[in-house]
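A quick write-up on the structure given underneath.
First the proteins, then the strands, lettered A, B, ... as listed; each starts at 1. Source: prediction; values computed, not measured. Reckoned from all heavy atoms, side chains included, excluding hydrogens, waters and symmetry mates.
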Protein chains: 2
Amino acid sequence: MNGSSTPPIRVAILGSTGSIGVSALSVIERHPQRFQVVALAANRSVERLEVQAARHDPLRVVVADQEAYRSCRDNGTHWRGGRSALLELAELEEADVVVNALVGFAGLEPSLRALEAGKRLALANKESLVTGGDLLLQALEKGDGELVPIDSEHSAILQCLEGCSRKEVQRLVLTASGGPFRGWSPERLAGVGAEDALRHPTWEMGAKISIDSATLANKALEVIEAHLLYQVSYDRIDAVVHPQSIIHSFVEFVDGSVMAQLGFPTMELPILYALTYPQRLDDVVLRTFDPVGSSPLTFEEVDGDAFPLFGIGVAAGRTGGTAPTVFNAANEIAVAAFLDGTLTFPGMARVVEGTLDRVDPEPVSEIQGVLEADRKGRRIATDLTTRRSIAAGTDG
Amino acid sequence: MNGSSTPPIRVAILGSTGSIGVSALSVIERHPQRFQVVALAANRSVERLEVQAARHDPLRVVVADQEAYRSCRDNGTHWRGGRSALLELAELEEADVVVNALVGFAGLEPSLRALEAGKRLALANKESLVTGGDLLLQALEKGDGELVPIDSEHSAILQCLEGCSRKEVQRLVLTASGGPFRGWSPERLAGVGAEDALRHPTWEMGAKISIDSATLANKALEVIEAHLLYQVSYDRIDAVVHPQSIIHSFVEFVDGSVMAQLGFPTMELPILYALTYPQRLDDVVLRTFDPVGSSPLTFEEVDGDAFPLFGIGVAAGRTGGTAPTVFNAANEIAVAAFLDGTLTFPGMARVVEGTLDRVDPEPVSEIQGVLEADRKGRRIATDLTTRRSIAAGTDG
């Protein structure tokens, strides 16, 4: 890509003060001719948002949390507050690409709005696809929107599939770092606390996703996403533990050939690729490939006994309908309780499994059904986290 | 690819009784609806050729060596003998693809003929590109011919480049098994014999290529091939030792992303891909990907002191013109002398370097110049192998 003649890609970043948002701004800053920040949004981090806004001079800035918005100093009329202002950003006329780096279920509606408005949705918010996958696929079919994943595994798969026919795909193999507790026994895991789980070995990430990485719930969400994004059946999606996080995923083809995408573990690379896909932009900072320095690359099976949330999540994906939404909702509640210290590490899986047992899955045809399943999942999971029997593991 | 409606791909195999030829026939036999063997040729292995011909019923069979041909029983008029019959096979009207699995410099002319006749040239013969690269590129530009590499490294690169713009390529990194003497000191290498060098750790191959793999001359030839095939400057082609031979090569792109092609080390996969490129054919036998079973994958720097033929070969590539031809010719003589026991392992590099020192490189515009440089290189190298000073390493 040559930046001299093409107009800049106009980018709106939802969740700009989080880990992905900050990385996106860092990439964008290195290529001022290629990208223009037209909108920034955060949930509550007003001070950081003010710094970002001063630096990038966007057309619109949104603080999604009304209370936090009211605490702002007067930044001018291009600053707005509240959920509806956030949803408007997702369809902002001046934006070509909407980076959705919001955390949790709150990201679904903005994703839908962006696709319906014909934007390229650069999607880091896993829950959009996991809970509203069918709706997003409908929106993609109907309109001019485009979905490009930002996380490293799905970006890797997208790159492996470039120039290939989807019919030639035999199997997707997602790599997982294994998190901070790789190789630990279920007994040892019973005693871990939030501080331990937040220490991720290879990726620097927010708290929620760090815990999901430690439980492998994250990898289950990614399997569901891969199923939806690439229309590959669950029987042909595997995960393998790869502690170095250098190979970001594999695609096996029908002739036995396997393609992999590799790189130093930085989210800046999949972010840049999502912005420029299918082209690539010259970025000296990201060129750090060193096979000798990366050696050895190792692989292990996923330990389903120690990390039951992986299997529970994939099973919810197979069930389909609202089951992944319930899985996700219960998992969010369980993670929050674990971070608060009110739930043990193994208790998280018990809460999520217990919730899925108590909510019948239903087909998804509109967002209302997803919202209800989400609320129901949260209510039941919240109830379950307070039960001593769940925390202690004596509940059926 | 669906075999039911498309006519079979008609394949001529030059060098059918060698390692690559046998693998090609093995792949073809598994897909009788997709491929038809229209011609077979070998140099001298008449008995094996008779068995192959009985099995595949080709339109034409050639024994390139006249003496060996005369020793044949009467197989009918579709059997021919001699070099000119071999060259005719390369342009056989009934062939869509010509697999060139001939050994050594003798492969160049058939490659040229196949391209000039508008065939797809599935090229396993390294020397075609190394010695006649400029001529092959001219033939490609002029006609309807097509060149698809068969060796695992260049096939890997081709697969990594699918769907990408060549402008986005930052660097090619070829993997090398390191051969049977990986990690050995120059002193220890002084005492190795042909039997040691023929024991390759990961690939089963013929004698010449096994020795080239042990000296890394093979990898130098591949760097030169990669330069010609993909028009990437030598500064942006590296080699790295990867003892497991699972990752067959890497391509680094300008955005820092790295693609790799992997697979169990079997030549059947690059052969199949060269026949069906850019499509892929379903082949259950070749689907053996097992990351956990392949773990760990390791990488080491190439040891230029222990394996000087690598650097000598790449330098000849950079010089260009007839230099790679002289390198190749001298190397063939040196390998033969090593296999005969008349030259030491380190003596091979000295013979090749000494030959390159004594022949001035010239530009290549027609095959005659290549043939002359080849003859001159062989003559001087043959002379040098008989000098005690070269074998002993006391020659400047």
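- Heavy-atom pairs under 4.5 Å with chain A peak, among B:Ala260, B:Gly293, B:Gly263, at B:Ala260.
- If you take CD on A:Gln279 and NZ on B:Lys167, they are separated by 9.5 Å, rounding to the nearest 0.5 Å.
- Under a 3.5 Å cut-off, the side chain of B:Arg287 and the backbone N or O of A:Val254 do form a donor-acceptor pair.
- The closest side-chain heavy-atom distance from B:Asp282 to A:Asp255 is not below 4.5 Å.
- If you measure heavy-atom distances from A:Glu301 to chain B, the contacts under 4.5 Å come from both the backbone and the side chain.
- Two residues are said to be in side-chain contact when any heavy atoms from C-beta on lie closer than 4.5 Å; A:Val240 and B:Val292 meet this criterion.
- Counting only heavy atoms from C-beta outward, the side chains of A:Pro291 and B:His242 never approach each other to under 4.5 Å.
- Contact annotation for B:Gln261: both backbone and side-chain heavy atoms come within less than 4.5 Å of a heavy atom of chain A.
- At a 4.5 Å heavy-atom cutoff, the contact between A:Leu262 and chain B is made by backbone and side-chain atoms alike.
- A:Arg182 is linked by a side-chain contact (heavy atoms from CB on, under 4.5 Å) to A:Val241, A:Pro243, A:Glu300, counting only residues two or more places apart in sequence or in another chain.
- Of the listed residues A:Pro278, A:Ser257, A:Ser294, A:Gly256, the one with more heavy-atom pairs under 4.5 angstrom with chain B than any other is A:Ser257.
- With sequence neighbours left out, the ring pair (Phe, Tyr, Trp, His ring centres under 6.0 Å) criterion links B:Phe250 to A:Phe289, B:Phe299.
- With sequence neighbours excluded, the residues that form a side-chain contact (heavy atoms from CB on, under 4.5 Å) with B:Pro296 are A:Pro296, A:Thr298, B:Thr298.
- Between the CD atom in B:Gln170 and the CG atom in A:Asp283 there is a gap of 11.0 Å [rounded to 0.5 Å].
- Within residues 154-165 of chain B, the residues having any heavy atom closer than 4.5 Å to a heavy atom of chain A are B:Gln159, B:Cys160, B:Glu162, B:Gly163, listed by residue number.
- Heavy atoms of B:Val251 lying under 4.5 Å from chain A are absent altogether.
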